[in-house]
Amino acid sequence: MKYMIMMFGSAEGMMETADPAWIKEMIDFMIQIDKDLTESGELVFNAGLADGSTAKLVKQTPDGVITTDGPYAESKESLVGYWVVDVASEERAVEICSSIVKYSQVVELRAIPDGPPEV
């Protein structure tokens, strides 16, 4: 089963407030989890994202399409990175999330279905 694991936070805020040793520990962890998931064959793909302050929203309005500064969520924290994994069970996906949450406080796990819902 495929899952998307989404990590939330504020890269800009973290760089301004977090202990540099903690930041290095987090980066080392991210490099290692990527290697581990690749070696186990569970990693489909992953990416880190630029800080949410660089996001743009493109919206359809009654007056046409507009572009505004993002991110979508009205908060200081937004999606900062993600992994798509193909694992044997939801329990395994939760296990992976449990190791990531130390560095994010919130990790969202969402199943990726094989196709659209039947109508």
Side-chain angles (χ1 to χ4, degrees):
M1 180 78 186
K2 288 187 179 121
Y3 291 90
M4 178 176 251
I5 298 170
M6 294 168 276
M7 181 178 182
F8 293 85
S10 169
E12 184 177 51
M14 176 195 63
M15 295 303 288
E16 293 172 358
T17 60
D19 179 346
W22 183 89
I23 294 171
K24 181 173 180 347
E25 175 187 316
M26 182 203 53
I27 292 169
D28 290 346
F29 169 81
M30 295 300 166
I31 291 168
Q32 189 60 52
I33 195 169
D34 292 349
K35 286 179 183 176
D36 292 347
L37 292 171
T38 299
E39 288 174 7
S40 70
E42 295 171 311
L43 183 65
V44 177
F45 63 91
N46 66 321
L49 303 175
D51 189 68
S53 63
T54 67
K56 298 289 183 207
L57 296 178
V58 180
K59 299 179 188 178
Q60 178 68 51
T61 72
D63 298 323
V65 176
I66 62 168
T67 304
T68 62
D69 290 337
Y72 179 74
E74 295 290 331
S75 78
K76 292 180 182 177
E77 295 185 343
S78 63
L79 183 64
V80 294
Y82 64 91
W83 296 260
V84 172
V85 296
D86 191 352
V87 294
S89 65
E90 183 177 280
E91 291 77 20
R92 173 62 181 141
V94 169
E95 178 184 343
I96 296 166
C97 292
S98 297
S99 68
I100 296 168
V101 76
K102 173 182 179 181
Y103 300 102
S104 180
Q105 268 66 94
V106 176
V107 174
E108 182 176 336
L109 176 65
R110 196 175 302 181
I112 300 173
D114 292 330
E118 292 185 30
V119 281

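Note that the structure is a prediction, hence the values are computed from the model and not measured.
- One finds the CE atom of Met26 at 12.0 Å from the CD1 atom of Ile100 (value rounded to the nearest 0.5 Å).
- To the nearest 0.5 Å, the span separating OG on Ser40 from CG on Asp86 amounts to 10.0 Å.
- Counting only residues at least two apart or in different chains, salt bridge (charged side-chain N to carboxylate O under 4.0 Å, His left out) contacts with residues 109-119 comprise Glu108-Arg110.
- Side-chain contact between Val106 and Val101 is absent, with no heavy-atom pair separated by less than 4.5 Å.
- For the pair Asp69/Lys56, a side-chain contact is recorded, criterion being any heavy-atom separation below 4.5 Å from C-beta on.
- In this structure, Trp83 and Tyr3 have side chains that are not in contact, with every pair of non-hydrogen atoms separated by 4.5 Å or more.
- Note: the hydrophobic cluster containing Ile66 does not contain Leu57 (ILVMFWY, side chain heavy atoms under 4.5 Å, direct or indirect links).
- Between Ala93 and Ile5, the shortest heavy-atom distance links the atoms O-CD1, 4.3 Å.
- The distance from atom CZ of Arg92 to atom SG of Cys97, rounded to the nearest 0.5 Å, is 10.0 Å.
- Taking the six-membered ring where tryptophan is involved, the planes of Tyr103 and Trp22 are tilted, since the angle between them lies from 30° to 60°.
- Rounding to the nearest 0.5 Å places CD1 of Ile33 at 9.5 Å from CG of Leu43.
- Looking at Glu42 and Lys2, no side-chain N of the basic residue comes within less than 4.0 Å of a carboxylate O on the acidic one, giving no salt bridge.
- Counting only heavy atoms from C-beta outward, the side chains of Met30 and Lys35 never approach each other to under 4.5 Å.
- By the side chain to side chain donor-acceptor pair (under 3.5 Å) test, Asp36 pairs with Gln32, sequence neighbours left out.
- Applying the side chain to side chain donor-acceptor pair (under 3.5 Å) rule to Glu90 yields no partners; only residues at least two apart in sequence or on another chain are considered.
- The distance from atom CG of Leu79 to atom CE of Met4, rounded to the nearest 0.5 Å, is 7.5 Å.
- Val107 and Ile31 end up in the same hydrophobic cluster when Ile, Leu, Val, Met, Phe, Trp and Tyr side chains are linked at under 4.5 Å.
- Looking at every heavy atom in both residues, Val85 comes nearest to Val44 through C-CG2, 4.0 Å.
- The minimum heavy-atom distance between Phe8 and Val80, with the atom names listed, is C-CG2, 4.0 Å.
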